[in-house]
Structure formats: structure tokens, C-alpha cells
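Here is the naming used below: chain letters follow the sequence lines, and residue numbers restart at 1 for every chain.
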There are 2 protein chains.
Amino acid sequence: MKHVTIKDVAKKLNCSVSTISRAFNDKYDIRKETRDHILSIAKEMGYSPNPMAKSLLKQCSNQIGVVVPEFINAFFPEVIIGIQEVFIKKGYQVLIMQSNESHITELENIKTLENNMVDGMIISLSLETKNVDYYKDLIKQGFPLVFFNRVSNELETSKVLFDDYKWAFFATEHLIYQGYKKIFHLGGPAGLVISQNRKNGFIDALRKHKISFDESSIIETGFMISDGERVMEKLIVENNLPEAIFAVNDPSAIGAMKMLKKHGYKIPEDVALLGFTESKLAELIDPPLTSVAQPTKEIGRTAAKLLLEQIETKGIFVPQTVILNGRLNVRESSMKLK
Amino acid sequence: MKHVTIKDVAKKLNCSVSTISRAFNDKYDIRKETRDHILSIAKEMGYSPNPMAKSLLKQCSNQIGVVVPEFINAFFPEVIIGIQEVFIKKGYQVLIMQSNESHITELENIKTLENNMVDGMIISLSLETKNVDYYKDLIKQGFPLVFFNRVSNELETSKVLFDDYKWAFFATEHLIYQGYKKIFHLGGPAGLVISQNRKNGFIDALRKHKISFDESSIIETGFMISDGERVMEKLIVENNLPEAIFAVNDPSAIGAMKMLKKHGYKIPEDVALLGFTESKLAELIDPPLTSVAQPTKEIGRTAAKLLLEQIETKGIFVPQTVILNGRLNVRESSMKLK
DNA sequence: AACGTTTCCGAAAACGTTTCCGGAGAATTA
DNA sequence: TAATTCTCCGGAAACGTTTTCGGAAACGTT
């Protein structure tokens with residue numbers, strides 16, 4: 001448990017701590033031989049500088065924090081891999097925390113990271129988060145923050161987004177072009193911007209093509225498989241099945257699919273399905289699920305680069321919003337069979 | 001960026017820093033009114049003690065670290081949720097790091113966490129990790145460490161395991177009872193203990209039932225879908241198909257399934273499949289995959305409790321190995337159809 | 001020989017806390 | 001009244017670093 005400190009090394013070498021420090025920080029005012037000697041002895045003793053003490057002094061840590069709501073679905077883990085890719089190269093360590101979709105936990109995570117003096121954070125908000133005052137404060141203080149996926153319009157920071165509206169529009173059009181008329185949308189949690197955008201894309205596509213719909217065509221569902229199951233079961237019981245469904249994400253689409261299959265319905269013959277934020281599941285499931293693919297790793301890489309830029313320029317910096325492109329992967333679940 | 005410190009509060013209140021500290025740490029030698037007054041003013045000023053300074057002084061941080069090789073597959077994220085469950089209740093923060101199956105990154109992660117003065121770590125080793133000297137040192141120093149899933153026999157610490165041998169044995173017997181004779185095993189990376197145990201379970205089950213096999217029945221594959229695809233494609237090309245396959249985990253089984261389906265083979269009629277470490281995929285895929293379910297969250301909770309115990313008893317402590325139980329979920333992919 | 005430059009290193013302050021030690025005053029006891 | 005014990009608080013050291021400042025020695029210049 002005893003860590004060897006700079007003082008131990010100094011004592012052993014009969015020199016001052018400042019000299020040791022100089023050796024480790026490659027300062028100009030130290031003789032090469034002294035430095036090499038110190039370094040070799042220090043290594044032998046198993047010494048390495050305590051970054052915590054360093055952070056306390058320098059008020060920064062060469063660490064960055066990431067807070068995500070969950071990593072049950074594959075989306076966030078994949079983004080994180082992209083983030084790590086960029087930061088590891090630059091010598092930063094990445095601390096990851098999970099808010100469990102809880103506002104309180106999220107806030108605690110943020111504070112923990114702040115207290116660890118991370119140099120910046122990449123955040124995706126929890127479902128519960130409505131009040132973003134704490135983030136406003138951080139931003140006002142000049143703390144480097146980048147948001148992705150779950151963002152708040154109230155915050156002026158860099159953001160990495162996906163054009164949910166556009167791709168929801170395209171996805172819905174795809175269903176329309178297949179010839180479906182009665183189309184439902186299983187929506188995400190109402191509070192989230194991404195839910196709203198996907199919903200609006202859906203609505204506008206129907207409007208453009210003059211497909212009639214009413215409020216019952218749009219059902220707030222959620223992001224989990226269980227949400228899709230629950231809502232689908234209700235529709236089945238009510239005997240109110242559409243010809244096609246555009247779901248807010250893959251898990252909810254898959255939940256719906258499971259329930260339909262359980263009740264003996266055929267996909268896409270009885271009900272066609274289309275998901276969003278494609279996961280590995282999409283092509284493995286039967287029938288394979290048509291879905292909009294997001295460039296997950298690229299989202300992570302982009303967020304990381306934006307944050308890095310912000311950290312390095314320290315102040316002179318304008319918030320940027322980067323919108324990345326996706327792809328509609330058409331598979332069997334949405335095709336109109338003749 | 002300027003954080004308000006204990007000194008600022010002291011200055012404002014015209015008292016010493018020690019008094020402020022006492023107020024915050026609820027010491028006995030402070031008058032109640034003084035404490036309340038200090039607390040209210042401090043809150044107003046937005047002060048909260050810097051845990052980093054505290055950690056430096058106390059040499060512990062109320063944080064614990066978790067290092068896992070990946071979180072692409074659902075296994076590790078689920079374990080982490082179990083870990084968090086326990087620690088959040090106890091007021092610990094959980095820092096998560098990902099080694100990306102790289103030994104070097106893993107070591108850096110460990111050092112980062114150590115430097116953050118986490119009070120203990122829960123670790124699952126990377127694929128590459130052979131040399132565990134660094135862990136030996138930590139253990140010798142009395143640093144609380146708990147391993148799970150990917151462990152090393154060289155390390156004397158608490159471990160949370162799954163009886164891979166037993167369940168591999170059961171799984172293989174299930175295939176035998178179905179009447180399959182020519183059974184192959186798609187194995188995990190050879191260096192891992194879990195791979196070896198699952199392989200041995202497979203072998204011993206065949207031996208017990210006097211089913212013949214040779215070394216070509218066991219093929220080192222890997223943990224990813226792509227590994228399953230690669231190996232299966234080779235078998236198909238070589239026209240060397242077994243009647244049934246026991247795969248080291250679900251993704252490899254699923255990879256094999258994908259490739260078989262692609263080439264027009266039927267499952268389980270042409271080749272039966274059985275996975276391990278059941279994921280959500282298992283029941284969603286077509287046909288649903290028979291698999292051994294591990295109690296992932298429970299693994300996390302157990303590891304967390306063991307670590308907590310070790311942290312709290314500080315020294316007087318004997319390493320424990322907990323082996324948790326699982327379940328074989330039989331689904332269509334392994335059934336012998338008449 | 002006197003002076004100015006380098007080169008190298010040590011002392012000490014600083015980062016934000018907690019805690020030990022001691023001291024002033026009040027309250028209790030003898 | 002004197003002595004003792006409490007109660008409450010301030011001063012200072014400590015945690016492990018980096019960095020500023022200054023100083024000693026060695027060297028080069030007039």
C-alpha cells in the first residue's frame with residue numbers, strides 16, 4: 001500500500017526533490033548524466049510521479065470524462081470506443097461513468113469527474129434530465145464540454161448530432177414508397193430532442209405524400225425491447241394494427257417484432273417494421289430489420305476532436321455543431337412482398 | 001474555471017480553515033450554530049470540498065475502479081451494472097476503463113486508477129495479458145483487488161467465477177442426449193482459463209458418453225461474430241460439417257449460424273448450434289439459440305461485495321473464490337427434430 | 001584579477017484539504 | 001478562591017508534486 005514518493009527517491013540519491021522533479025519533467029536545467037542516473041534509480045525503486053498531486057498543483061489532469069445514460073444497447077459503447085481512439089493517442093486517459101438514465105446519478109457523475117479535475121467532458125444526457133443549470137454554470141466558467149446524441153437546446157456548446165429529422169423522413173418515405181398507407185410511429189421518450197426530431201420527420205414525410213394520420217398513429221413507447229413489446233401487445237389486443245411501423249430505435253422495433261411473432265403475425269406481410277440506430281441485432285434477427293445506421297464510432301471520434309480543440313485553445317473558441325451522415329439499410333422487414 | 005476553496009470561505013467568514021473543515025466533517029468540537037452558519041454560507045458560495053486534496057491527504061478516494069477488456073458484447077456492461085448497484089449505495093463512485101483487449105492499455109488503465117487512488121479495483125483480464133507481475137506487486141502491497149471471468153491462476157485474490165467446466169459439460173451432454181454424434185467445439189482464445197475450462201467440459205462429456213472425437217473436432221475460434229463466420233466458412237469449404245456445434249460463446253455461435261444460413265444450410269436440421277454466456281441475441285435470432293445463461297448482474301454484485309469486504313477489513317482477510325450458478329436455456333437451435 | 005555568464009542544483013512556496021496540538025475562556029469541582 | 005475539566009477554535013504540519021527564486025561553482029572575457 002505504501003507508494004514510493006519523490007522524497008524517497010531524493011533521500012536515496014542524496015539530492016533535493018526538485019532535482020528529481022526536473023529529471024522527470026525533462027527540464028533544461030539539469031545535467032544529462034544526473035537525469036539519466038536519477039531516472040534509472042527511480043525506475044528501479046518503482047517510482048512514478050503521483051498525477052493526483054500534480055493535478056492538484058496544475059489544476060488539470062490529462063484525463064477526460066465521459067458520461068452516458070446506459071450501455072445496455074450497443075450505441076453508447078461504440079461511441080466510447082471512438083472517443084478513446086482519439087484520446088489515447090494524445091496521452092489522455094478516459095474515465096467513463098454511467099448515469100443509468102438518472103438525473104441525480106448523472107449530476108453526481110459530473111461532480112466526481114469535475115473533482116477528479118478532468119480537463120473536459122463528453123456527455124449524453126439522461127432521460128430524466130430537464131434542468132441543465134449545472135451545465136450552464138460549467139460552461140460559463142469555461143469548462144470544456146461536448147454533448148452528443150442526447151443534447152439540450154439550452155446549452156451553447158459543441159455538439160455532435162445525427163440528422164434525426166432527415167433520416168426519419170427518409171425512413172418513412174421508404175415505407176410509403178413500398179406502398180404502405182396506414183403507418184404508425186413508436187416514439188421515444190417525449191422529453192428528448194431526438195425523439196421529437198424523429199417524430200417530426202415521420203409526420204412531415206406523411207404530410208408530403210398526403211398520407212392521412214391522426215394522433216393515435218404516434219405512440220410514445222421508449223427505447224427498450226420491453227417498451228416495444230408492451231405497446232405492440234396493446235395494439236394487438238385493441239385489434240388496431242397498422243400496415244407498417246417506424247420505430248424510434250431498433251430495440252423498440254424488435255420488441256414489437258417479438259410480440260407480433262408471438263401472436264402469429266407475419267413480418268412484413270401483416271405488419272412491416274423499420275428501426276433506427278442500427279445495431280448488430282438488425283441483421284441477425286428474423287426477418288432482418290430495416291434500419292437507419294448511425295456512424296457510432298465516428299460520432300465518438302468527432303466529439304473527441306471537438307473537445308480536444310476546445311481544451312487546447314483554452315478560451316478562444318466557438319461552439320460548433322457537427323451533424324454526421326447515416327444510411328438506410330433496407331432489409332426484409334420493411335419490404336412489400338407481392 | 002476558478003473553484004471556490006476552503007480558504008475563500010474562511011476569509012469570508014473571518015475564521016480559520018480548520019473550523020470550516022470541522023463544519024463539513026461533522027466533528028464533535030464545533031458549536032452547532034457555528035457549523036450551521038458555516039454550512040449555509042458555504043452552500044451559498046457554491047463551495048464543496050475538493051476530494052482530490054482529500055484523497056491526497058487520506059490516501060484513499062471513495063472511488064473504485066473497474067477494468068474490462070471490451071464492452072461490445074453485452075456481458076461486461078451487465079456485470080458493471082451489478083457492480084454499480086452495490087457501490088453507489090455505499091457512497092462510492094465507480095470509474096470504468098476499457099482495455100480494448102490490449103495488455104498495454106490494461107496496464108495503463110490500472111496505473112491511472114491507482115494514481116487516482118481508487119480504494120480497490122475489479123478487473124477482468126485482457127486477451128493479451130500473460131504477465132501478471134504488476135498485479136502480484138499490487139496484491140503484495142495489500143491493494144484490494146477482485147477478479148472475475150478472465151482471471152489468472154497465478155494470483156491469490158478474491159475471484160468471482162462461473163463453473164465453465166460444469167456448464168460446458170452439461171451443454172455438451174444436452175447435444176449428446178439429442179442424439180448427435182459428430183460434435184465440434186468452437187473454442188475461445190487458447191490462453192484464457194475460461195476457454196480451457198469450457199473445452200475440457202466439452203471433452204469430458206464426450207468421453208463420458210464414449211463419443212469419438214479427435215483434435216480436429218476442436219477449433220480455436222474466438223469471441224466475436226466474425227470469428228464464428230470465419231471458422232464456419234472454412235468448415236463449409238472443406239465440406240467437413242458436424243451434426244452439432246458447441247460454441248464457446250453466443251457471438252461465435254451466431255457467426256457460425258449466419259454463415260450456415262448464407263450457404264443454405266438449415267439449423268438445427270443440418271447443423272445444431274449451442275452457445276454460451278447467453279445474450280439478448282439468443283432468443284431474438286432465428287432460430288432461437290440454445291445457450292448457457294450466466295448471472296451477469298449477480299457476478300457484478302458479488303465481485304463488488306467481495307471488494308467492499310476487503311476494503312473495509314483492511315488486511316485481515318482471506319481471498320475467496322465464489323462460483324455462481326447458471327442455467328441451460330434450451331431453444332430451437334439445438335433440438336433434434338423428428 | 002575582476003567581472004559577467006552559464007550551468008546546475010537546493011530551498012521554499014503553492015495546490016486544497018484534514019488533523020494534531022495547544023490555548024483561551026467558560027463551566028464545574030474542591 | 002483556586003484548581004480542574006470542558007468546549008470551542010486557531011495554527012501548523014502533512015499529503016506528493018512543480019516551479020520560482022536564488023546561489024554556488026565553473027567558465028569565458030576584458
Side-chain angles (χ1 to χ4, degrees), chain A residues 1-39 41-42 45-63 111-119 141, chain B residues 1-39 41-42 45-63 111-119 141:
Chain A
M1 207 61 180
K2 263 297 9 91
H3 232 154
V4 28
T5 80
I6 200 171
K7 289 180 189 169
D8 302 325
V9 184
K11 201 170 289 173
K12 175 134 185 178
L13 281 163
N14 256 328
C15 70
S16 75
V17 292
S18 20
T19 309
I20 313 289
S21 174
R22 271 188 275 261
F24 270 86
N25 295 49
D26 226 7
K27 294 283 173 169
Y28 59 95
D29 56 347
I30 186 171
R31 208 171 44 198
K32 278 207 167 31
E33 306 114 59
T34 322
R35 192 195 59 195
D36 294 345
H37 183 227
I38 289 178
L39 255 38
I41 296 288
M45 294 176 70
Y47 167 75
S48 79
N50 179 334
M52 204 150 197
K54 194 188 293 193
S55 302
L56 188 58
L57 197 58
K58 297 246 204 133
Q59 305 282 44
C60 75
S61 66
N62 264 289
Q63 294 180 144
K111 287 179 183 168
T112 299
L113 292 171
E114 207 186 335
N115 289 327
N116 277 43
M117 297 195 178
V118 295
D119 300 348
Q141 289 167 35
Chain B
M1 208 60 180
K2 266 293 13 86
H3 233 153
V4 29
T5 80
I6 200 171
K7 289 180 190 169
D8 302 325
V9 184
K11 200 171 289 171
K12 176 131 183 179
L13 281 163
N14 257 328
C15 71
S16 77
V17 292
S18 21
T19 308
I20 313 287
S21 173
R22 271 188 275 259
F24 270 86
N25 295 49
D26 225 7
K27 293 286 174 168
Y28 59 95
D29 56 349
I30 185 170
R31 209 171 43 198
K32 276 204 171 30
E33 306 113 60
T34 324
R35 192 195 60 195
D36 294 344
H37 183 226
I38 289 177
L39 254 37
I41 297 287
M45 296 177 67
Y47 167 76
S48 79
N50 179 335
M52 205 151 195
K54 195 186 294 192
S55 303
L56 188 58
L57 197 58
K58 297 249 203 127
Q59 306 281 47
C60 73
S61 66
N62 265 289
Q63 293 180 144
K111 287 179 183 168
T112 300
L113 291 172
E114 208 186 335
N115 289 328
N116 278 32
M117 296 193 178
V118 294
D119 300 348
Q141 288 166 35

On DNA chain D, more 5' by nearest nucleotide between A/S18 and B/R35 is B/R35
CG (B/D8) and OG1 (B/T5) are apart, to the nearest 0.5 Å, by 4.0 Å
Separation of D/dG16 atom P from B/N116 atom CG, nearest Å, is 16 Å
**Message:** I'd like to know if the side chain of B/S55 and the backbone of B/P51 have a donor-acceptor N/O pair within less than 3.5 Å.
**Reply:** yes
Separation of C/dC8 atom P from A/D36 atom CG, nearest Å, is 13 Å
Double-helix bend of the helix from C/dA1-D/dT30 to C/dA30-D/dT1, axes at both ends from 5 pairs, round to 10°, gives 60°
To the nearest angstrom, the NZ-P distance between B/K7 and D/dG10 comes to 16 Å
Here the distance between atom C1' of C/dA11 and atom CD1 of A/I6, to the nearest Å, is 14 Å
To the nearest angstrom, the CD1-P distance between B/I20 and C/dT19 comes to 15 Å
A/D8 atom CG is separated from D/dT17 atom C1', nearest whole Å, by 13 Å
Residue pair B/D26 / B/R35, side-chain heavy-atom distance below 4.5 Å: yes
| Close side-chain approach of A/N116 and A/S61, heavy atoms under 4.5 Å | no
Query - Note, A/I41 side chain near A/M45 side chain (heavy atom, < 4.5 Å) - result: yes
_Is any side-chain heavy atom of B/H37 closer than 4.5 Å to one of B/L13?_
yes
Here the residues of residues 45-58 of chain B within 4.0 Å heavy-atom distance, strictly under, of DNA chain D are B/L56, B/L57
- request: Report yes if at least one side-chain N or O of B/Q59 is closer than 4.0 Å to OP1 or OP2 of D/dG16; otherwise report no.
  value: yes
- Query: Going by heavy atoms in the side chains, are A/I6 and A/S21 under 4.5 Å from each other?
  - Reply: yes
Ordered by number, residues from residues 21-29 of chain B within less than 4.0 Å of DNA chain D (heavy atoms) are B/R22, B/D29
Review point. Is B/T34 near enough to D/dC9 that one of its side-chain N or O atoms lies under 4.0 angstrom from OP1 or OP2?
Key: yes
Taking D/dT17, D/dC8, D/dA12 as options, the one with an atom nearest any side-chain atom of A/T5 is D/dT17
| query | Under 4.5 Å between any side-chain heavy atoms of B/D119 and B/Q63, yes or no? | reply | no
### Task
Verify, without hydrogens or angle tests, whether B/N115 (side chain) and B/K111 (backbone) share a donor-acceptor contact under 3.5 angstrom.
yes
Whole-Å distance, B/I38 CD1 to D/dG10 C1', equals 12 Å
Residue pair B/R22 / B/S18, side-chain heavy-atom distance below 4.5 Å: yes
>> A side-chain contact here means heavy atoms from C-beta on lying under 4.5 Å apart; do B/M117 and A/N50 qualify?
In response: yes
Here the distance between atom P of C/dC8 and atom NZ of A/K32, to the nearest Å, is 9 Å
I'd like to know if the side chain of B/T19 pairs up with that of B/S16 as donor and acceptor (distance under 3.5 Å, no hydrogens or angles considered). yes
